[in-house]
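Step one of this worksheet: look at the structure below.
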Amino acid sequence: MGRRLAALAALPLLALAGAAHADSAPPSDPIGDLLMSALTGALPGTPDFQLKASLYHAGARGVGVMDSLGCRVVAMRTAAIDAHLIPKHTILFIKETVGLPLPDGGAHDGYWYASDTGGAIKGDRIDLFTGMNAASMKVMRSLNLTSLSVTKAGEFKGCPPN
């Protein structure tokens with residue numbers, strides 16, 4: 001509780017510091033980082049997990065169109081996790097996916113939904129659903145088998161939003 005209050009008390013100072021360096025520093029969101037840290041209890045900019053990523057798509061062997069919650073998988077949003085490490089119904093933020101192209105032409109905001117599990121997803125692993133066929137994996141191929149910074153960003157009820 002004390003760390004959260006200290007983070008909130010530092011907001012005005014960070015806002016002033018950010019404005020003073022706005023011309024020379026790359027864009028950042030220190031206020032958002034502090035607010036997120038106050039909500040999650042994590043230090044600003046510190047991920048909760050470093051997880052080894054793999055990719056999956058519908059139509060691959062053993063992969064259907066439903067997740068382990070009984071909901072439809074959503075391209076570029078559904079994540080398969082080890083439920084012993086990250087509970088199902090957790091909203092995840094993966095900074096390495098921010099800006100990736102989405103199927104609808106938009107840019108990814110970095111948010112994923114832990115709604116699936118898999119036989120090979122044990123421990124520090126995460127499997128990201130890319131879409132309905134192998135071609136959908138092209139956008140994220142560079143992230144396959146890399147270590148991703150994953151932060152718990154909240155919880156969702158029922159099925160994940162589309």
Side-chain angles (χ1 to χ4, degrees), residues 14 18 22 25-83 85-162:
L14 283 174
S28 65
D29 185 13
I31 307 276
D33 289 346
L34 270 177
L35 290 174
M36 184 59 76
S37 69
L39 295 172
T40 64
L43 293 174
T46 305
D48 293 323
F49 306 98
Q50 288 294 126
L51 302 179
K52 186 174 183 177
S54 54
L55 309 176
Y56 73 112
H57 62 87
R61 183 184 310 215
V63 178
V65 295
M66 305 299 271
D67 63 21
S68 62
L69 296 175
C71 304
R72 291 189 64 78
V73 289
V74 180
M76 302 291 286
R77 294 291 178 190
T78 298
I81 44 80
D82 180 342
L85 182 67
I86 298 172
K88 291 182 194 178
H89 294 279
T90 300
I91 301 170
L92 304 171
F93 178 75
I94 304 174
K95 73 176 184 175
E96 292 86 352
T97 63
V98 172
L100 291 175
L102 291 171
D104 66 4
H108 206 291
D109 58 7
Y111 289 95
W112 294 78
Y113 300 94
S115 63
D116 207 0
T117 57
I121 308 304
K122 302 290 184 219
D124 294 339
R125 299 276 317 269
I126 189 166
D127 207 2
L128 304 174
F129 180 72
T130 60
M132 299 314 274
N133 55 45
S136 68
M137 297 172 72
K138 183 178 179 184
V139 171
M140 294 187 55
R141 182 90 50 208
S142 65
L143 296 179
N144 194 35
L145 303 179
T146 64
S147 181
L148 300 180
S149 305
V150 179
T151 304
K152 291 181 183 179
E155 295 179 1
F156 65 93
K157 303 266 188 232
C159 290
N162 289 331

Looking at [X] and [Y], what are the two nearest heavy atoms and their distance?
X	Y	value
Ala114	Pro87	CB-O, 4.0 Å
Leu92	Ala79	CD1-CB, 4.3 Å
Thr97	Met140	CG2-CE, 4.3 Å
Ser136	Asn133	OG-O, 2.5 Å
Arg77	Tyr111	NH1-O, 2.7 Å

To the nearest 0.5 Å, what is the distance between [atom1] on [X] and [atom2] on [Y]?
X	Y	atom1	atom2	answer
Asp48	Thr151	CG	OG1	5.0 Å
Leu85	Arg125	CG	CZ	12.5 Å
Cys159	His89	SG	NE2	8.0 Å
Ile81	Asp127	CD1	CG	11.0 Å
Leu102	Met76	CG	CE	5.5 Å
Asp109	Phe93	CG	CZ	8.0 Å

Expected output: side-chain [X] to main-chain [Y] donor-acceptor under 3.5 Å:
X	Y	value
Arg72	Val65	no
His108	Pro101	no
Ser68	Ser115	yes
Thr130	Tyr56	yes

message: Test side chain to side chain contact (heavy atoms under 4.5 Å, CB included) on Ser149 and Gln50; report intermediate values, then the result.
response: CA-CA 5 Å; Ser149 305; Gln50 288 294 126; 3.1 Å; yes
- prompt: What do the steps show when you test Leu143 against Leu100 for side chain to side chain contact (heavy atoms under 4.5 Å, CB included), and what is the final call?
  reply: CA-CA 11 Å; Leu143 296 179; Leu100 291 175; 3.9 Å; yes
field: Residues which pass ring pair (Phe, Tyr, Trp, His ring centres under 6.0 Å) with His57, listed by chain and number, not counting sequence neighbours
entry: none
task: Answer whether the closest heavy-atom distance between the side chains of Phe156 and Leu69 falls below 4.5 Å.
output: yes
query: For the side-chain contact (heavy atoms from CB on, under 4.5 Å) test, which of Ile91, Asp67, Val74, Thr78 pairs with Tyr113?
result: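 So, applying the side-chain contact (heavy atoms from CB on, under 4.5 Å) to Tyr113 and each of Ile91, Asp67, Val74, Thr78, only Ile91 qualifies.
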message: With side chain to side chain contact (heavy atoms under 4.5 Å, CB included) as the criterion, how do Phe129 and Asp116 come out once you've worked through the C-alpha distance, each side chain's angles and the decisive distance to 0.1 Å?
response: CA-CA 9 Å; Phe129 180 72; Asp116 207 0; over 6 Å; no
field: Derivation and outcome, side-chain hydrogen bond (donor to acceptor under 3.5 Å, both in side chains), residues Glu155 and Thr90
entry: CA-CA 4 Å; Glu155 295 179 1; Thr90 300; 5.8 Å; no
- request: Show your reasoning for whether side chain to side chain contact (heavy atoms under 4.5 Å, CB included) applies to Asn144 and Ser54.
  value: CA-CA 5 Å; Asn144 194 35; Ser54 54; 3.9 Å; yes
task: Using a cut-off of 6.0 Å, state whether more than 12 heavy atoms not belonging to Lys88 lie near its atom NZ.
output: yes
